[in-house]
Amino acid sequence: MSYRAPIKDISFVLNELLDHEQLAKLPGFEDYSAELARSVLEEAARFAEDVLAPLNRSGDEEGARWTPEGVFTPKGFKAAYQQFVEGGWPQLGAEAEYGGQGVPRVLGTGVQEMWAAANLAFKLCPMLTQGAIEALELTGTPQQKQMFLPKMVRGDWTGTMCLTEPQAGSDLAQIRTRAVREGDHYRLFGQKIFITWGEHDYTDNIIHMVLGRIDGSPAGVRGISLFVVPKVLVNADGSLGGRNEVKCLKIEEKLGIHASPTCVMQFGEQQGAVAYLIGEPNRGLEYMFIMMNAARLSVGLEGYAVSERAFQQALGWAQDRVQGKPPVENTTGKPLPIAHHPDVRRMLLTMKSATEAMRALALYAALQLDLASHSPDEAVRGNAQARADVLIPIVKAWCTEVGIEIASLGVQVHGGMGFVEETGAAQYYRDVRITTIYEGTTGIQSNDLIGRKIGRDRGTAMSALIADAARELQGADAKPAAEGIGLLREGTESLLRALAEQPDRAFAVSVPYLKLAGVTLGGWLMAKAGAKAAAALAKGGGDREFLEGKVRTARFYADNLLPQAHALARIVRNGAASVIETDPALL
Ligand SMILES: Cc1cc2nc3c(=O)[nH]c(=O)nc-3n(C[C@H](O)[C@H](O)[C@H](O)COP(=O)(O)OP(=O)(O)OC[C@H]3O[C@@H](n4cnc5c(N)ncnc54)[C@H](O)[C@@H]3O)c2cc1C
């Protein structure tokens, strides 16, 4: 089943819900316009549909391959990457100073959705390169920037993020990779595991951003520094020198994203890998977290990108597969395609409306990042950053958790043919499963949301968001959405009380609280979308089929998905005691 990029819905969110053309008033975005966004989206759609999507299945079947000489990507991937570079795609979000196009993040998010839906394994390499670029832009010295950025922005070299070690997963305080000073650089010794695209055959150099501990640094998170470590050393004139002591020992066998090599990387077997300190010593984790905001948003979008693809696949199947006589609307007396069965239609509507809600919320979060980085008004910048900080763990964890449910529904719509590999539905389910784990698990995102993002400012940023949503829903014909936002307000108050009185109670319900936030904020945006679509229909304008579809998904979301908020709010209120009063020894 081929993939069709959902340009209409992405454009609808940008134009109708976010008024994205407001960005053109901000310094640095003067050239931005709806037409520019549309043409970038159309171009990206062509690349995603024609080049990346056809490689998704074969990439899954063949997988990346480790050899003593290096890691080889599946047939067609290297050529697709070259086309990606020739098309200028790596430059899209990077700063103009190093050859980037500097388009707003909200547009970049729309584009990345297409890469992720078309071929999740492929998408991870540019995503991590972008993360490494942002870390260098933020904290690199002018020489470091000059040495690495132009090539990385052009896509000539790719980048990685090397955090995880066997004993240091969610708990990065346990990092042991050692850094020993040697003149103007350091020598690094240590092993990193699970490094995405740590080795491959795309480019002649790979730039690793590595967390390590300088000898003599304090223990724990305050003693971690960030280093840039090239696979091949770079001479002063920019040409490539000798091989650095960086080696991929093996790649993992895994459930999904088979075309993406997940590498065990050895830094420094003898002399140590040459490494350059980024920014100040012992501030590595802080820098990594700044860069991870964008990476977390990008992983969040993977949840709904795969949902979109799973939905398209399931819809096509349900329109073709003839089975049984639906109880209603069947005047022929003959069996009909399964899309006519109410339960199959319910599954398809769940898939479509949840995907639209997640997309709207993620693009809304991305817009906040654009306002935070480009508004000339300090207060606007501060408020937008605080709102983005609250939203990003929600987008990361909620969209990926729901993404797994949607991909699972996609399998269900196919019946037995969903469980066998032939249709592709199973691959989406396997591929999306990682998204709730990497870049911080759902548990870690929820802790971040209630601890750092809500606890620290005593709910100020979250309350402002709730107040804005409630105000927008006032007077609108959107009772379930307004009720949902009311439940989120009560849930936030109950959470803040728990945080103040007995924090472990709050942490026991942090995931249900995060999901409550996701489902209700999604409900707010879906209600707005439905109202906008209905208004456009009443005026007689626009794409009627699309607008009528939107009115229906908005209504379905309100009637069938938003009621989850009642259950989640009840868990947030009452669920903690049974968790914290159960000793693990009793399990
Ligand atoms: C395919 C793949 C690609 C990856 N790519 C990269 C990469 O490019 N770079 C990189 O550095 N890493 C990468 N990772 C590693 C990934 O980020 C970690 O697997 C992830 O952070 C979780 O760490 P862990 O596996 O050690 O699980 P653990 O930390 O052991 O967690 C196990 C469980 O315990 C829970 N848990 C742990 N601590 C807490 C806590 N404080 N509160 C509540 N619950 C908690 C978790 O939520 C989880 O459910 C990748 C992993 C995979 C599988």
Side-chain angles (χ1 to χ4, degrees), residues 60 63-64 71 116 120-132 135 158-177 190-200 206-212 220-221 224 226-227 229 248 250-265 267 284-285 287-289 291-292 294-296 298-299 302 393 396-397 400-401 404 430-452 503-514 576 579-580 584 587:
D60 178 58
V71 171
L120 183 57
F122 180 94
K123 176 255 184 189
L124 294 172
C125 187
M127 175 189 94
L128 287 157
T129 306
Q130 181 63 28
T158 68
T160 72
M161 283 165 63
C162 301
L163 290 72
T164 308
E165 298 177 11
Q167 76 296 345
S170 300
D171 185 5
L172 294 170
Q174 304 298 328
I175 280 178
R176 285 192 202 137
T177 291
Q191 196 176 93
K192 296 283 176 182
I193 61 166
F194 295 156
I195 303 309
T196 299
W197 289 92
E199 177 61 37
H200 56 73
I206 301 172
I207 311 304
H208 303 284
M209 306 301 291
V210 186
L211 285 183
V221 288
I224 296 173
L226 180 61
F227 299 89
V229 187
C248 171
K250 67 164 196 157
I251 63 174
E252 306 291 349
E253 294 273 331
K254 52 196 195 301
L255 182 66
I257 51 166
H258 290 150
S260 164
T262 305
C263 305
V264 175
M265 302 296 300
F267 292 92
L285 211 53
Y287 304 145
M288 206 54 129
F289 272 119
M291 158 178 131
M292 275 189 324
R296 287 179 169 178
S298 185
V299 172
E302 292 173 3
K396 159 66 171 85
T400 55
E401 290 283 343
I404 293 171
R430 290 187 287 98
D431 281 355
V432 79
R433 190 62 192 84
I434 182 59
T435 59
T436 59
I437 297 172
Y438 58 22
E439 281 305 326
T441 63
T442 299
I444 295 299
Q445 302 302 325
S446 307
N447 290 353
D448 178 53
L449 174 66
I450 72 162
R452 272 194 216 99
D504 54 350
R505 278 182 182 265
F507 285 95
V509 292
S510 64
V511 170
Y513 173 76
L514 181 146
V579 176
I580 57 173
L587 296 174

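Counting starts at 1 for both ligands and their atoms, in listed order.
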TODO: Could you tell me the separation between the OG atom of S260 and the CG atom of D431, rounded to the nearest 0.5 Å?
DONE: 9.5 Å
Task: Donor-acceptor under 3.5 Å (W197 side chain, C263 main chain) - done: no
Open item on the list: Does E253, at its CD atom, have more than 12 non-hydrogen atoms belonging to other residues, nucleotides or ligands within less than 6.0 Å?
Closed with: no
Task: Backbone of G440 reached by a side-chain donor or acceptor of Q445 within 3.5 Å - done: yes
- [ ] Enumerate the protein residues lying less than 4.0 Å from ligand 1, judged by heavy-atom distances, in chain and residue-number order.
- [x] M161, C162, L163, T164, G169, S170, F194, I195, T196, T262, I434, I437, Y438, E439, T441, I444, N447
Open item on the list: For E302, is there an ion pair with K123 - N to carboxylate O distance below 4.0 angstrom?
Closed with: yes
Task: Reference residue V299; test side chain to side chain contact (heavy atoms under 4.5 Å, CB included); the match among I434, I437, T435 - done: T435
